[in-house]
Structures are given as C-alpha cells and as structure tokens.
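Just so it is clear, the structure is predicted and the values come from calculations on it, not from any experiment. In each ligand, atom 1 is the first atom listed, and ligand 1 is the first ligand listed.
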Amino acid sequence: MSVEHRPLAWNIGEEILGLDLSKPLDAATVAELRDLLNNRCILLFRDQFISPEEHIAFTRQFGETMHTPALERMLHPDYPQIWQVTNVRQKDGTESFSRNTGRLWHSDQTYMPEPAKGSLLHCKEIPSVGGDTMFANAYLGYEALSDVMKEMIAGLWAVHDLNEVEERRSRVPPLTPEEIAKTPPVTHPLVITHPETGRKILYVSQQVTCQIVGMSKEESKPLLDFLHSRIVLAEHTYRHQWRPGDLVFWDNWCAQHFAPMDYNQADRNERRVMWRTTLAGGPVDGDKTAPAAA
Ligand code: OGA
Ligand code: MN
C-alpha cells in the first residue's frame, strides 16, 4: 500500500494522510516516509492523539532516539527521550526553561559532534493565536548560490557553539557551568552531503554557527549571514499553524526551523505545550576533512 500525501508548500513539506501513528507501520511504509522526508524535508501528520510511549515507538521505527547530555532541564521527568518545549511555568512557579526555544533559525543539535537526523514535535496545547513554527529548505539554500560562491566555500568548515545562543539572547536562563562543559564548540563542513539523497546542503545556522574555521569572527559574520539568508528566502519556507494532535517530523540535515515570538506569552492562560523526540544522526560529511587547526 502506498502512502497518500500532498504538498504543504511548493518547495518544502508534505502532509501524510490516512496513517495512525499509534500502530506500528510496515517496513515499506517506513521506507516510503523516509524517502519523502529526505526529499521534502518535513512531514506533517494531523490528528495524532498519541501517548508518549507511542510517540517514542513511532520515532524508533526510523532509528535510535538521541540523548543530549546538556539541556537536561528540558527533559520530561518520566520520559527522558522527550523534550518539553513549553511556556507553562514549572511547579515551583519559575519560568519554563524552554519557553523561548528556537527563536533563531537552526536545526537541532548541530552543536554536537554527531547532530540529530530528525526531530518529531507533537502539539499538545496551542495559544489562541500564533505559536507557529517556520521551516526552510536548506538544499535550496545551497542551490541558490552562484557557481563561483559554491567554489569559494567548498571545503570550508565552521564552528557551532551552543553557548553562542546565550551570547546573542538574554531571554533564557544562562547555561550552567556543567552544561557549558558538556557542549564545547564543534566544527562541521559549511556544505554537507545528505547521507541518503547525496544532495548538497548549506549547513549554516543563525543560532549556533559563529565562525568559519581560519577566519576571524568579523570576517565570518557577513559571509555566514549572507549564506544563511539564502536558506530562508521566503520561497524556500513553510509556516506551520499548529493544531493539537499535529506531529511534524523534520529532517535536521536538509530543513531548518524557527519559532517566531508571535503569541501572548504574558497571559498565563495562553499555554503552548509541545513534546519532542529526537532521532540520532551521525557525523555529517562534506567534501574535505576537518582542517588540522580546528
Ligand atoms: C525544537 C524547536 C520550535 C517550536 O523543538 O527543536 O526548535 O516552535 N521548537 O517549538
Ligand atoms: Mn529546534
């Protein structure tokens, strides 16, 4: 049986119809979904009122779940495979650590030596207006470059540093010294090759890519900003308006995402509750190996 689907936007995203994610899928369906994900960058499944166990089981049909040693404050107390992304205050009345997750464009865990392959975000509660997530196609970011620019950046590597997030924003509590120690800066190629499609991807995040290896930060910034701007051209994006029961599965190699601050966070009744599982990836691969100085 082949999966029924339709595009969410011309250049990114596919809605999958007629599947119940609470039940195991057959191998042919998993392979077809994987293929759609690799090519269309994000998949939407509506009306999936699944339990945490079912969410984790669905994720595991595509590979191993990923553990992140830092940011354990985001984990669900009973399900360490689930990150809670929410503005709901903690039991002791303090602000949620994750309430401003994703306020800069990024893909998940690129600050790790082996970034995540995928993330599966499930909507539990959504504010009356807003709380959207935007997605962009990073294959097309690369393809939008001129041949000369492609040649110039071939073989370059860049630094990804989670601590840069705190440097650029003051909204979330700073990382603890222990969290900083667990997430030292890492380097990845500026252009990676998707391991399953073989297509090239511009691997530059607005959130954590802070320097090109061998250049100063001042030299790097305008180039990184320009390259990133090609990924998020309006025609490369899709903006998702959530409904409870939506599950969006994105590929962290070829898709980037961003959570605009587009709802009333001051009103405690405007709750946004999202649960995320993360699919392990592996080392990302580019044209050249890491420079010795990195
Ligand atoms: C994430 C993330 C954005 C959002 O879960 O990785 O960036 O809209 N979330 O909740
Ligand atoms: Mn994210």
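Each of the atoms 7 (O) of ligand 1 lies under 4.0 Å from some heavy atom of H106. In summary, the atoms of ligand 1 found under 4.0 Å from a heavy atom of H257, numbered by their order in the structure, are 1 (C), 2 (C), 6 (O), 7 (O). Near R276, meaning under 4.0 Å from one of its heavy atoms, ligand 1 places the atoms 1 (C), 5 (O), 6 (O). Each of the following atoms of ligand 1 lies closer than 4.0 Å to a heavy atom of V85: 5 (O), 10 (O). Of all atoms in ligand 1, numbered sequentially from 1 with element shown, those under 4.0 Å from a heavy atom of D108 are 6 (O).
Counting protein heavy atoms only, atom 3 (C) of ligand 1 is closest to A259 CB, 3.8 Å. The protein non-hydrogen atom at the shortest distance from atom 8 (O) of ligand 1 is T133 OG1, 2.6 Å.
The number of heavy-atom neighbours closer than 6.0 Å to NZ of K150, taken from other residues, nucleotides and ligands shown, is above 12. Sparse packing is recorded around CZ of R6, with 12 or fewer heavy atoms of other residues, nucleotides or ligands lying under 6.0 Å away.
Looking only at its N/O/S atoms, D108 has OD1 as the one nearest to the Mn ion (ligand 2).
Considering backbone and side-chain atoms together, W250 places no N or O closer than 3.5 Å to any N or O of ligand 1. The distance criterion of under 3.5 Å between nitrogen or oxygen atoms is not met by W242 with respect to ligand 1.
Take the Mn ion (ligand 2) as the corner point: the lines to NE2 of H257 and to NE2 of H106 open at 90°, to the nearest 10 degrees.
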Could you give me the CA-CA distance, side-chain angles and deciding distance for W157 and H188, then say whether ring pair (Phe, Tyr, Trp, His ring centres under 6.0 Å) is met? CA-CA 5 Å; W157 283 55; H188 298 300; 7.4 Å; no
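The side chain of R272, and not its backbone, has at least one atom closer than 4.0 Å to an atom of ligand 1 (non-hydrogen atoms only; side chain from C-beta on).
Summarising the geometry of N137 relative to I12, their closest heavy-atom pair is N-CD1, 3.7 Å, with the distance given to 0.1 Å. The heavy-atom pair separating F249 from L37 by the smallest distance is O-CD1, 3.4 Å. Between M74 and S98, the shortest heavy-atom contact is CE-CB, 3.7 Å.
Here R268 pairs with E95 in a salt bridge; the nearest charged N to carboxylate O distance falls below 4.0 Å.
Inspection of the H160 and T110 side chains reveals an N or O donor paired with an N or O acceptor under 3.5 Å.
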